[in-house]
Structure formats: C-alpha cells, structure tokens
Amino acid sequence: MELLHPNSYVTNDNNTKPWSKPIMSEPQHVIDITSFSAGLATDSTPPAKPTGFSYSSVAGREGFSLITFSWDRNVESDLASYKLFAGDARDPSSYQEVYSGNKNSTSFEISKTDYKQFYVKAYDTSLNASKASDTLGYDSSGLLPTKQRPDIFRFYDEKTGSHFYTQSAEERDSILSHLPNYKYEGNAFDGKDDFHPLRDRYVEVWRFYNKDTNTHFYTASAEERDQIQKNLPQYVFEGKAYDAYGNNERYDVHPLFRFYNTQTGTHFYTVDESEKINIETTIPQFKYEGIAYYVNYA
C-alpha cells in the first residue's frame, strides 16, 4: 500500500481513496479505546513516550520502498493502542493517522518521490496520549534518516552551582576526564533538526565565559551578543555553542526559559515548564528573563 500525499492513498486493488481511515498493511485488531473509559476513575497520567522508533527498508515496486516501522513496547498496564502519524514535513497541518492498533510495528510502501515525517504516540485506556516519539524523516532520496538533531549535554558545576552546556562530544568527554567538579547530567535537550520544517529558521546560540563568576552564559540574540562584547569585558566570547530555533511558529518545538540569579550573577536555563513554575514560586532570587530560544525535547 503506497502513500501518495497527505490526502489520499492507493489500495491493493489500485483504487485511489481519501486518506480518512488508518492505513494498515495487514488486518489488525484495533482496540476501541473509548470503550475503556466508561465507568473508570479519571486518570490524567499519559503513557511514556515511545522509544526505539526505527525502520527497516527493502526495495518495493519500481519507484517505491517497503518500509517497516517498529518501536519498543510500552510497559504500562493500561496501555490501549499506538497511533502512527505521517505528514508533509513542510506543512504540520498535513499530519494524518496512518496506523492505529496494539501492535508495535507496521509496514507499507512509500513512493520515493514523497517527502514525509513520521512519529508514533501511545494511548491508554483513559484516552491520555503520550508525547510523540522521535521523528523519522523521508525525502526524495528514498532514505529514512534516524534522529537528525544533536544532543545538547548538560553538566552541573558543584563549585559555582551553575550549569554548562555543550554540543561537542569531544568537549563532553574532556570535561568528564579532567573536571571532577562538573557532574554530568546527560542530554538536556536537542539542537536544530536537519529534517525539521523550521530548519531554515534556525538561530545560532553563542557562548560566553564570565571570568568573574567562572560560569557560562548563552544567548541567541545578536544584539545581546554585541552589547556584551562592547560593554562587559569580563565576558569572554567563545563562539557558537549550537543551533536552535528563533520561534515555534506552526510546529512543535519548545521554549527554553532563562533565569538570572540575583545572588550569584549567573544564569539558569530549563526546557521543563514545571521546573520553571517551581522556580518562580519557591526561589525568589531567580529572576525570570523570558524565553531564550526554542529547542527540541531530548
């Protein structure tokens, strides 16, 4: 079964039909998750984000690839189903459900002239939806690249009480080997996705080293960068740290919130909205400065 465009598909008997129902490569037992919700206590906890989203590809008919998508099975006891979505990566409104069922894999043919992205979500018996999985992109080369966005690594400096961010795996490994006061906290968020519809609207994130506080500062504002270089000699410019997004127009990227610690003169960044709210509520010395820029969830 081949995907033609976001609005139609071709059946096995070569009839073109509107893309209004899930497309499945074989008969599936699709769970009606609405039937589970009646009479149950309200559950607002969604399933975990599906992990291990990947594919295998073999040659199909001329001009097509036969793609099998698969992902790790969730462990929640109230899991009801999965849904796979596909759409034109340049038009977020085009995304359509192309599979719904309780299996953690599905297959279909895709035209090599198509341009799409795919992601999967998990749903529980209370109709809660998980966050979308990592995205797989498909372009005219017929390839399905895996995650095309770099990890942004975070360290906590026990001496200064501040965080340090880097995209460089080499720099990460050097810090792990030589700076024991830097405690590695893993992949905080992701940088610019090369297959993201907003990939052409990225912004460079620049890094400064503050000699007075022994901490680092990050900004995506060229105006702020230039003002710092002109007026704050204690800030040493270290160049571009990574790429992010300047806005979240029409697509699912997430704000990185920035705080200024009035006691230490350092900055704190978080993509976690609940952490942002907790800081605003409980740590008065952290002054909220707004959204620094936008990033992808890790």
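All values derive from a computational prediction rather than experimental measurement.
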Separation of [Y] [atom2] from [X] [atom1] (nearest 0.5 Å):
X: D190; Y: Q167; atom1: CG; atom2: CD; value: 10.0 Å
X: F118; Y: L136; atom1: CZ; atom2: CG; value: 8.5 Å
X: D272; Y: N278; atom1: CG; atom2: CG; value: 9.5 Å
X: Q96; Y: K83; atom1: CD; atom2: NZ; value: 12.0 Å
X: S221; Y: E204; atom1: OG; atom2: CD; value: 12.5 Å
X: N104; Y: F53; atom1: CG; atom2: CZ; value: 11.5 Å

For [X] and [Y], does a side-chain donor sit closer than 3.5 Å to a side-chain acceptor?
X: N128; Y: S126; result: no
X: T68; Y: S107; result: yes
X: Q117; Y: Y95; result: yes

Do the non-hydrogen side-chain atoms of [X] and [Y] ever get within less than 4.5 Å of each other?
X: Y218; Y: W206; result: no
X: K276; Y: Y288; result: yes
X: K131; Y: K121; result: no
X: Y156; Y: R154; result: no
X: F208; Y: V236; result: no
X: H267; Y: E289; result: yes
X: F268; Y: Y260; result: no
X: L176; Y: F155; result: yes

Please find out if less than 6.0 Å separates the ring center of [X] from that of [Y].
X: Y119; Y: F85; result: yes
X: Y269; Y: H163; result: no
X: F69; Y: Y55; result: no
X: Y82; Y: Y123; result: no

Would you check if the side chain of [X] reaches a backbone N or O of [Y] as a donor-acceptor pair within less than 3.5 Å?
X: S130; Y: A122; value: yes
X: D124; Y: D78; value: no
X: K287; Y: P284; value: no

### Residue list, salt bridge (Lys or Arg N to Asp or Glu O under 4.0 Å) with E273, at least two apart or on another chain
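Not a single residue meets the salt bridge (Lys or Arg N to Asp or Glu O under 4.0 Å) criterion with E273.
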### Task
Can you sort out the partners of D243 under salt bridge (Lys or Arg N to Asp or Glu O under 4.0 Å), two or more places apart, ordered by chain and number?
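Partners of D243 under the salt bridge (Lys or Arg N to Asp or Glu O under 4.0 Å) test: K240.
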Is there a continuous path of hydrophobic side-chain contacts, each under 4.5 Å between heavy atoms, that joins [X] to [Y]?
X: L179; Y: F153; value: yes
X: Y245; Y: I291; value: yes
X: Y235; Y: F237; value: yes

Heavy-atom closest pair, residues [X] and [Y]:
X: A80; Y: N102; result: O-CB, 4.1 Å
X: S133; Y: P50; result: CB-O, 3.5 Å
X: H178; Y: P180; result: O-CD, 3.4 Å

### Task
For T219 and F217, run side-chain contact (heavy atoms from CB on, under 4.5 Å): C-alpha distance rounded to whole Å, both residues' side-chain angles, the deciding distance at 0.1 Å, then the answer.
CA-CA 7 Å; T219 182; F217 172 74; 3.8 Å; yes
### Task
Can you tell me which residue pairs pass the salt bridge (Lys or Arg N to Asp or Glu O under 4.0 Å) test with a partner in residues 160-177, sequence neighbours excluded?
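The answer is E171-R207.
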### Task
Step by step, work out the side-chain contact (heavy atoms from CB on, under 4.5 Å) result for F164 and D157.
CA-CA 7 Å; F164 173 79; D157 184 350; over 6 Å; no
### Message
Let's go through Y165 and F189 carefully: what are the C-alpha distance in whole Å and the side-chain angles of both, what is the deciding distance for ring-ring contact (aromatic ring centres under 6.0 Å, His included) to 0.1 Å, and is it a yes or a no?
### Response
CA-CA 10 Å; Y165 299 85; F189 49 84; 5.7 Å; yes
### Cationic N near anionic O, under 4.0 Å, R258 to E224
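So R258 pairs with E224 through a salt bridge.
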### Query
Remaining members of V75's ILVMFWY cluster at a side-chain heavy-atom cut-off under 4.5 Å?
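In the cluster with V75 there is nothing else; it is isolated.
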### All side-chain contact (heavy atoms from CB on, under 4.5 Å) counterparts of A48, not counting sequence neighbours
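Applying side-chain contact (heavy atoms from CB on, under 4.5 Å) to A48 gives N74, E76.
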#### Entry: Sequence-distant partners of T215, side-chain contact (heavy atoms from CB on, under 4.5 Å), two or more places apart
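Listed in chain order: T160, S162, N210, T213, T266.
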